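Shown next, in C-alpha cells, is the structure this report addresses.
Note that this is a predicted model, so its numbers are computed, not measured. Reckoned from all heavy atoms, side chains included, excluding hydrogens, waters and symmetry mates.
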Amino acid sequence: MSALFNFHSFLTVVLLGICTCTYVKMHFPAILEQRTGFRGFFWKAARIGERLSPWMAIGCFTMGVSIIFF
C-alpha cells in the first residue's frame, strides 16, 4: 500500500522528510537559503524541525517504536 492511502506510512514519510531537511540545513545551510520555490518547501520543513525539535524527537521515537513492534 502506498504512503498516500496508509496514514501510518504517510506519517513516517512526513517525519523522516522533516528530520532530513533539518539535518541538511544544519550541516549545509547554503543549500536551503531560498525561501521560495521548490527549495522553499524544504526550507519550511527544516524550520518546522528546528522549532518543534522536542516534539519531532518524540514523534520520531514513537514512530520507530511503532515500526519495530507493530
Side-chain angles (χ1 to χ4, degrees):
M1 189 176 261
S2 70
L4 293 176
F5 300 113
N6 185 355
F7 183 71
H8 187 266
S9 297
F10 177 73
L11 189 62
T12 302
V13 169
V14 169
L15 283 173
L16 289 176
I18 291 172
C19 291
T20 302
C21 289
T22 306
Y23 177 81
V24 168
K25 187 173 181 191
M26 292 294 167
H27 290 284
F28 308 104
I31 293 175
L32 295 175
E33 283 181 350
Q34 292 181 343
R35 296 182 183 184
T36 59
F38 183 68
R39 284 197 226 166
F41 175 76
F42 299 111
W43 179 84
K44 289 175 186 175
R47 180 59 88 187
I48 290 170
E50 290 172 347
R51 299 272 174 114
L52 299 174
S53 61
W55 292 104
M56 290 300 301
I58 291 169
C60 288
F61 179 76
T62 306
M63 177 191 61
V65 168
S66 71
I67 288 174
I68 290 173
F69 294 113
F70 301 108

Subject >> Distance-minimising heavy-atom pair for Cys21 and Ala46 >> reply: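 Where Cys21 meets Ala46 most closely, the heavy atoms are O-CB, 3.5 Å.
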Subject >> Atom of Trp43, atom of Leu32 and distance for their closest heavy-atom approach >> reply: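 For Trp43 and Leu32, the tightest heavy-atom pair comes out as CD1-O, 3.0 Å.
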Original post:
For the residue pair Tyr23 and His27, does the interplanar ring angle fall in the parallel (under 30°), tilted (30 to 60°) or perpendicular (over 60°) class?
Top reply: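 Plane angle between 30° and 60°, so tilted.
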Subject >> Straight-line distance of Leu52 CG to Ile58 CD1, nearest 0.5 Å >> reply: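 One finds 11.0 Å between CG of Leu52 and CD1 of Ile58.
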Original post:
Rounded to the nearest 0.5 Å, what separation is found between the OG atom of Ser66 and the CZ atom of Phe61?
Top reply: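 So the OG of Ser66 and the CZ of Phe61 are separated by 10.5 Å.
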Pairs meeting criterion salt bridge (charged side-chain N to carboxylate O under 4.0 Å, His left out) with involvement of [range], two or more places apart:
range	result
residues 56-70	none
residues 53-62	none
residues 27-40	none

Answer with yes or no whether the hydrophobic clustering places [X] together with [Y]; edges join I, L, V, M, F, W, Y residues whose side-chain heavy atoms lie under 4.5 Å apart.
X	Y	value
Leu16	Ile68	no
Phe41	Ile31	yes
Val24	Met56	no
Phe28	Phe38	yes
Ile48	Leu11	yes

Once side-chain contact (heavy atoms from CB on, under 4.5 Å) is applied, do any residues pair with [X], and if so which ones, sequence neighbours excluded?
X	value
Ser53	none
Ile67	His8, Thr12, Met63
Glu50	Thr22, Lys25, Met26, Arg47

